[in-house]
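Take a look at the structure set out below.
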Amino acid sequence: MSVKTCQVIQWDCEWRVSAFVIESGRDDGLRTVFSAHGSPAGSFVEQLTEVHRQLKSHKADVIVVGGAIPDAYWFELTLPPAPLRELGNVLEFELPRQLPGAPEELAWFYRLLETSARSRVRVFCCPQNRWREVSAALGEAGIDFDAYCHAFTAVETKHDGQLLFLPDQQPGMVWNKAEGEPVALRELRMADADCPATEHPELLIAEYALTERFWRDRRYLSDQPASMRPQRLQGLKLVVIALGILVPVLLGMLWYRHYDDRRGRENAIAQELEDIEYALIAQQEGMEKLLLAGESAQKLLAAVAEIDPAETMAALSEKLPPHAWITSFRYSGNKVALSLAIKGETDSIVETLNNGIRAMAVESLRQQLNNDGSTTMTVTLQKSVEAAP
């Protein structure tokens, strides 16, 4: 088995910096082959610079940073199943209910753990200014990294039965696996006096960072400028560029050397080029036909496309009045079943559902007046045929 190497740079809530070089591949396990620690007397940037200098002699397949950030939150939640690339849109509607402050003032990132009936998602968020301070410190220290990943974000689901206690990063608090249905989540609670600290959290980070899932997830784990991402294979790229320049020059020299001998073949070559041109024209015409066929196929597929849950939820949130809120939302195929709790008049809501939700039509609608004067409305919406482009 090939050996893969991960560099983990982490810090605690006192901004004390440590770095580790961790290998996997031998005996299908992880081992730390090098560690470094910043001088406690140095500033955060000075410690980062110090450990970064010591890591330069160690090559790594992946570089991850992680640690405590003031005023940050790490938590899990479940969401309706959605593709990873669309999960951010769903979170934009969910996070205001989970977090204090305005979402636009927060930097937030996420990892999708598993998808079944519900998607299990881990979320990290912190104030924008805190994230900018940490990014600036890493940039000033000259550290390029693939992603920021806290141990809570990294810990794999196979370790769900274990407590995650990081007293140097989250003093007095522990993440444990809560009991719940349909998905049991990790939640933050007060740590017991005798709760043992999690040993070597850097191994939890490396275990995740050395998987294929990490490369799928990394663009959603953190947001740093492209200039702060590792520039790998630079030597190979330079060689390819040099060959791209050298090969045409050598071919030109060879052509010139044999120019006199090839003079008699010019007519044949010209004829061959003409044949190629005709072939290219025919191929282009065929491609245009394929494009037309593809557009027709896309229109047919769009006519039977399934509902986008994020788009439908956004339309409902925009159109429904303040005295109505959604208590249940389920979708399957081209239908959405939802329940509304209403305190006030219902006529405008019925009108909105019938005519105000673009590309949706009411299949069924029932109202029930409750003892407290509120109304429970059960509605089934179906994607209308006119929605197809």
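The basis for the numbers below is simple: all heavy atoms, side chains too, and nothing from hydrogens, waters or symmetry mates.
Lys335 is not listed as a side-chain neighbour of Leu381, based on a closest heavy-atom distance of 4.5 Å or more. Within the 4.5 Å cutoff, the side chain of Gln7 has no heavy atoms near those of the Phe34 side chain. Taking the side chain as every heavy atom from C-beta outward, Leu316 and Leu353 approach each other to under 4.5 Å. Two residues are said to be in side-chain contact when any heavy atoms from C-beta on lie closer than 4.5 Å; Ser119 and Leu112 meet this criterion. Leu204 places a side-chain heavy atom less than 4.5 Å from the side chain of Leu164. Side-chain contact between Pro70 and Trp15 is present, with heavy atoms from C-beta onward closer than 4.5 Å. For the pair Ile342 and Ser374, the minimum side-chain heavy-atom distance is 4.5 Å or more. Residues Val51 and His37 are not in side-chain contact: their nearest non-hydrogen atoms beyond the backbone lie 4.5 Å or more apart.
Pairing each heavy atom of Phe165 with each of Gly172, the nearest pair is CE1-N, 4.2 Å. Residues Pro248 and Ile245 approach most closely at CD-O, 3.3 Å, considering heavy atoms. Nearest heavy atoms, Ile357 versus Ala315: CD1-O, 4.2 Å. Summarising the geometry of Thr327 relative to Leu340, their closest heavy-atom pair is OG1-N, 4.2 Å, with the distance given to 0.1 Å. Across all their heavy atoms, Cys126 and Arg130 have their closest contact at SG-CB, 4.5 Å. Of all non-hydrogen atoms in Ser35 and Phe20, the two that sit nearest each other are CB-CD2, 3.6 Å.
Using a cutoff of 4.0 Å between basic side-chain nitrogens and carboxylate oxygens, Arg53 and Glu50 are not scored as salt-bridged. Under a 4.0 Å N-O distance rule, the pair Lys158/Glu207 qualifies as a salt bridge. Note on Arg229 versus Asp144: no salt bridge recorded, every NZ/NE/NH1/NH2 to OD/OE distance being 4.0 Å or above. With respect to Arg111 and Glu156, a salt bridge is recorded, a charged nitrogen being found less than 4.0 Å from a carboxylate O. We find that Lys4 and Glu23 are not joined by a salt bridge, their nearest charged nitrogen and carboxylate oxygen being 4.0 Å or further apart.
Atom OG1 of Thr380 and atom CG of Leu338 lie 8.0 Å apart (nearest 0.5 Å). Atom CG in Leu113 sits 5.5 Å away from atom CZ in Arg120 (nearest 0.5 Å). One distance of note links NZ of Lys289 with CG of Leu292; it measures 10.0 Å at 0.5 Å rounding. For the atom pair His200 NE2 and Ile22 CD1, the distance stands at 9.5 Å (nearest 0.5 Å). The distance from atom NZ of Lys59 to atom CG of Asp61, rounded to the nearest 0.5 Å, is 10.5 Å. Between the CE atom in Met228 and the OG atom in Ser222 there is a gap of 9.5 Å [rounded to 0.5 Å].
Proximity of a side-chain donor or acceptor of His323 to a complementary backbone N or O of Glu345 within less than 3.5 Å is detected. In this structure a side-chain-to-backbone donor-acceptor pair under 3.5 Å is missing from Thr153 to Cys149. Within the 3.5 Å criterion, the main-chain N or O of Gly142 finds a donor-acceptor partner in the side chain of His52. Listed for the Asp12 side chain is a donor-acceptor partner under 3.5 Å among the backbone atoms of Glu14. Between the side chain of Arg216 and the main chain of Leu84, no donor-acceptor pair closer than 3.5 Å is present. No side-chain donor-acceptor contact under 3.5 Å links Thr5 to the backbone of Ala60. Put simply, the side chain of Arg330 never gets that close to the backbone of Val336: no donor and acceptor are under 3.5 Å apart. In this structure, the side chain of Trp215 does not engage the main chain of Leu210 through any donor-acceptor pair within 3.5 Å. When atom types are taken as modelled, the side chain of Gln224 and the backbone of Phe145 share a donor-acceptor pair closer than 3.5 angstrom. A donor-acceptor pair is defined here as one N or O able to donate and one able to accept, closer than 3.5 Å; such a pair exists between the side chain of Gln47 and the backbone of Gly42.
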> Is there a side chain to side chain contact (heavy atoms under 4.5 Å, CB included) between Leu48 and Glu140 once you walk through the steps?
Replying inline: CA-CA 9 Å; Leu48 288 172; Glu140 187 175 347; over 6 Å; no

> Are Val90 and Glu86 close enough, and set up right, to give a side chain to side chain contact (heavy atoms under 4.5 Å, CB included), and what steps lead you there?
Replying inline: CA-CA 7 Å; Val90 180; Glu86 298 176 6; 5.7 Å; no

> Run the side chain to side chain contact (heavy atoms under 4.5 Å, CB included) check on Thr32 and Val21 step by step: do they pass?
Replying inline: CA-CA 6 Å; Thr32 301; Val21 179; over 6 Å; no

>> If you apply the rule side chain to side chain contact (heavy atoms under 4.5 Å, CB included), what do you find for Leu246 with Leu250, and how did you get there?
In response: CA-CA 6 Å; Leu246 184 60; Leu250 293 175; 3.9 Å; yes

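In this structure, Tyr220 has its ring center at least 6.0 angstrom away from the ring center of Trp108. Taking the six-membered ring for Trp and the full ring otherwise, Phe124 and Phe152 have centroids separated by 6.0 Å or more. Aromatic rings from Trp175 and His150 are positioned such that their centres are separated by under 6.0 Å.
When the shell of 6.0 Å around CD of Gln128 is examined, it contains more than 12 heavy atoms from other residues, nucleotides or ligands. Heavy-atom contacts from other residues, nucleotides or ligands closer than 6.0 Å to CG of Asp372 number more than 12.
The side chain to side chain donor-acceptor pair (under 3.5 Å) with Gln367 is formed by just one residue from the set Thr378, Thr375, Thr346; it is Thr346.
Ring geometry for Tyr148 against Trp11 counts as tilted: the plane angle lies between 30° and 60°, on a 0 to 90° scale.
Cluster annotation: Leu106 and Tyr73 are assigned to the same hydrophobic cluster (Ile/Leu/Val/Met/Phe/Trp/Tyr, side-chain heavy-atom contacts under 4.5 Å, transitive). Hydrophobic clustering of Ile, Leu, Val, Met, Phe, Trp and Tyr side chains at less than 4.5 Å, counting indirect connections, keeps Met313 apart from Trp325. Both Met190 and Trp74 belong to a single network of hydrophobic side chains, linked directly or stepwise wherever heavy atoms of I, L, V, M, F, W or Y lie under 4.5 Å apart. Hydrophobic cluster membership is shared by Ile326 and Val362, with clusters built from Ile, Leu, Val, Met, Phe, Trp and Tyr side chains linked at under 4.5 angstrom. Phe75 and Val174 fall into different hydrophobic clusters, where Ile, Leu, Val, Met, Phe, Trp and Tyr are joined by side-chain heavy atoms under 4.5 Å apart, directly or via other members.
In this structure, a donor-acceptor pair under 3.5 Å is present between the side chains of Tyr208 and Asp217.
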